[in-house]
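Step one of this worksheet: look at the structure below.
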Amino acid sequence: MSRSARIRLFWATAVVFAAVYTLACTGLPHFGTAVHPYGTRAVATSLRQRTANVVSSVNFDQRALDTLGEESILFASVLGTLVLLRRARDERVGPPQAGRVLPSTRLLGLVMVPITLLTGVYIVAHGQLSPGGGFQGGVILATGLHMAYVAADYRVLKRIRPLAVLDLADALGAGAFVALGFAGLIAGGAYLQNVLPLGTFGQLSSGGLVPLLNAAVGVEVGSGIIVLLASFLDQAVEVRPARNSGSGGGT
């Protein structure tokens with residue numbers, strides 16, 4: 001296909017898309033009205049599925065397939081960063097330098113590490129009941145681990161950061177979300193359909209598939225962010241240009 005033909009095809013497709021998109025937008029409810037059918041349906045479905053947190057019901061039940069795409073984007077981003085920031089041939093690893101930390105900062109950091117980690121676990125586990133969930137709780141979990149970097153130094157963070165385990169956990173969390181979707185197919189429904197027992201409204205075990213998907217996302221997000229930050233921190237703290245003893249003059 002010639003360049004002019006590709007341009008004509010692009011503009012023809014763009015015009016059709018713009019027209020269809022405009023027609024679709026005209027059928028949407030107006031902003032600021034007292035009646036909002038999508039919100040009403042989301043709340044009713046959340047109550048029917050016994051998921052107290054409507055946002056989690058939307059993310060992990062009514063549009064779980066979209067959430068699978070969002071989780072996959074994060075997983076692909078972490079994987080791409082690992083590939084791009086891998087150590088090159090002209091780089092070497094040097095020991096990280098110890099930094100000075102104020103006693104007050106050290107004390108506050110040590111106190112906040114277990115509190116932050118516990119908060120992250122709570123946010124993930126209660127995502128179907130209260131505001132939060134796997135994405136928010138995973139970020140808090142990753143933050144809790146890096147409090148050790150703030151309270152001490154990079155060497156302490158490396159000792160308590162099992163990167164090999166976290167690499168595996170990142171992949172397992174992403175894979176678990178995909179695998180849980182087959183429960184609907186096995187039960188004769190759709191992929192990622194919430195077919196598990198819904199439990200009692202307001203209880204930790206309520207929501208059917210929602211708490212399991214929340215947990216998978218929490219593991220994937222928490223592990224992925226730690227692995228992602230590890231790549232950048234390694235580059236900033238440990239990786240140095242290799243000495244080129246064979247180079248000639250120059251500046």
TODO: Tell me, with the steps shown, if Glu220 and Phe177 meet side chain to side chain contact (heavy atoms under 4.5 Å, CB included).
DONE: CA-CA 9 Å; Glu220 196 272 332; Phe177 197 111; over 6 Å; no

Could you check whether any side-chain N or O of [X] sits under 3.5 Å from a backbone N or O of [Y], counting only pairs where one atom can act as donor and the other as acceptor?
X: Asn194; Y: Leu209; result: yes
X: Thr51; Y: Leu47; result: no
X: Arg63; Y: Val58; result: no
X: Ser56; Y: Gly127; result: yes
X: Ser231; Y: Leu82; result: no
X: Thr45; Y: Ala42; result: no

Quick one: hydrophobic cluster around [X], which other residues, with the 4.5 Å side-chain cut-off, linked directly or via members?
X: Leu129; result: Leu204
X: Leu118; result: none
X: Ile186; result: none
X: Tyr38; result: Leu28

Open item on the list: So, using ring-ring contact (aromatic ring centres under 6.0 Å, His included) as the criterion, who are the partners of His126 when residues are at least two apart?
Closed with: Tyr122

Open item on the list: Could you work out, with ring-ring contact (aromatic ring centres under 6.0 Å, His included) as the rule, every residue matching Tyr191, not counting sequence neighbours?
Closed with: Phe182

Open item on the list: As a test of understanding, state which of Leu107, Leu102, Leu108 forms a side-chain contact (heavy atoms from CB on, under 4.5 Å) with Ser104.
Closed with: Leu102

TODO: Report the C-alpha separation of Leu233 and His146 in whole Å, then their side-chain angles, then the decisive distance to 0.1 Å, and conclude whether the side chain to side chain contact (heavy atoms under 4.5 Å, CB included) test is met.
DONE: CA-CA 11 Å; Leu233 287 173; His146 285 86; 4.1 Å; yes

Task: Results of salt bridge (Lys or Arg N to Asp or Glu O under 4.0 Å) for Arg86 - residues two or more places apart only - done: none

Task: Arg161: salt bridge (Lys or Arg N to Asp or Glu O under 4.0 Å) partners, not counting sequence neighbours - done: Asp234

In Å, rounded to the nearest 0.5 Å, how long is the span from [atom1] of [X] to [atom2] of [Y]?
X: Thr143; Y: Leu229; atom1: OG1; atom2: CG; result: 8.5 Å
X: Arg50; Y: Ser206; atom1: CZ; atom2: OG; result: 9.0 Å
X: Thr67; Y: Leu192; atom1: OG1; atom2: CG; result: 9.0 Å
X: Ile115; Y: Met147; atom1: CD1; atom2: CE; result: 9.0 Å
X: Leu166; Y: Ile225; atom1: CG; atom2: CD1; result: 12.0 Å
X: Ile140; Y: Thr119; atom1: CD1; atom2: OG1; result: 6.5 Å

Please name the pair of heavy atoms, one in [X] and one in [Y], separated by the smallest distance, quoted to 0.1 Å.
X: Ala151; Y: Gly109; answer: CB-CA, 3.5 Å
X: Pro131; Y: Ile123; answer: O-CD1, 4.3 Å
X: Val124; Y: Leu141; answer: CG2-CD1, 4.5 Å
X: Val195; Y: Ala183; answer: CG2-O, 3.6 Å
X: Val210; Y: Asp61; answer: CG2-CB, 4.0 Å
X: Asp170; Y: Ser223; answer: N-CB, 3.7 Å

Open item on the list: Before you tell me yes or no, could you show the steps for Lys158 and Arg155 under side chain to side chain contact (heavy atoms under 4.5 Å, CB included), namely the whole-Å CA-CA distance, both residues' side-chain angles and the distance that decides it to 0.1 Å?
Closed with: CA-CA 5 Å; Lys158 285 195 67 175; Arg155 297 171 299 175; 5.7 Å; no

Does [X] belong to the same Ile/Leu/Val/Met/Phe/Trp/Tyr cluster as [Y], with side-chain heavy atoms less than 4.5 Å apart forming each link?
X: Val150; Y: Leu110; answer: no
X: Val178; Y: Phe60; answer: yes
X: Leu172; Y: Leu145; answer: no
X: Leu168; Y: Leu228; answer: no
X: Leu180; Y: Leu68; answer: yes

Can you list, pair by pair, the side-chain donor-acceptor contacts under 3.5 Å of residues 8-17, counting residues two or more places apart and other chains?
| unit_1 | atom_1 | unit_2 | atom_2 | d |
| --- | --- | --- | --- | --- |
| Thr13 | OG1 | Leu9 | O | 2.8 |

Open item on the list: Quick one about Asn53 and Gln128 (side-chain donor to acceptor, distance below 3.5 Å, no hydrogens or angles considered), yes or no?
Closed with: no

What pairs of donor and acceptor atoms, side-chain ones from residues 211-218 against any protein atom, are under 3.5 angstrom apart with sequence neighbours left out?
| unit_1 | atom_1 | unit_2 | atom_2 | d |
| --- | --- | --- | --- | --- |
| Asn214 | OD1 | Gly134 | N | 2.7 |

- [ ] Output every pair passing ring-ring contact (aromatic ring centres under 6.0 Å, His included) with a member in residues 199-227, not counting sequence neighbours, ordered by first then second residue.
- [x] none

Open item on the list: For a 4.5 angstrom cut-off between non-hydrogen side-chain atoms, does Val237 reach Tyr149?
Closed with: yes

Task: side chain to side chain contact (heavy atoms under 4.5 Å, CB included) between Val121 and Leu117, intermediate numbers included - done: CA-CA 6 Å; Val121 173; Leu117 293 176; 5.7 Å; no

- [ ] Any pair with a residue in residues 33-43 that passes salt bridge (charged side-chain N to carboxylate O under 4.0 Å, His left out), sequence neighbours left out, goes on the list, sorted by first then second residue, please.
- [x] none

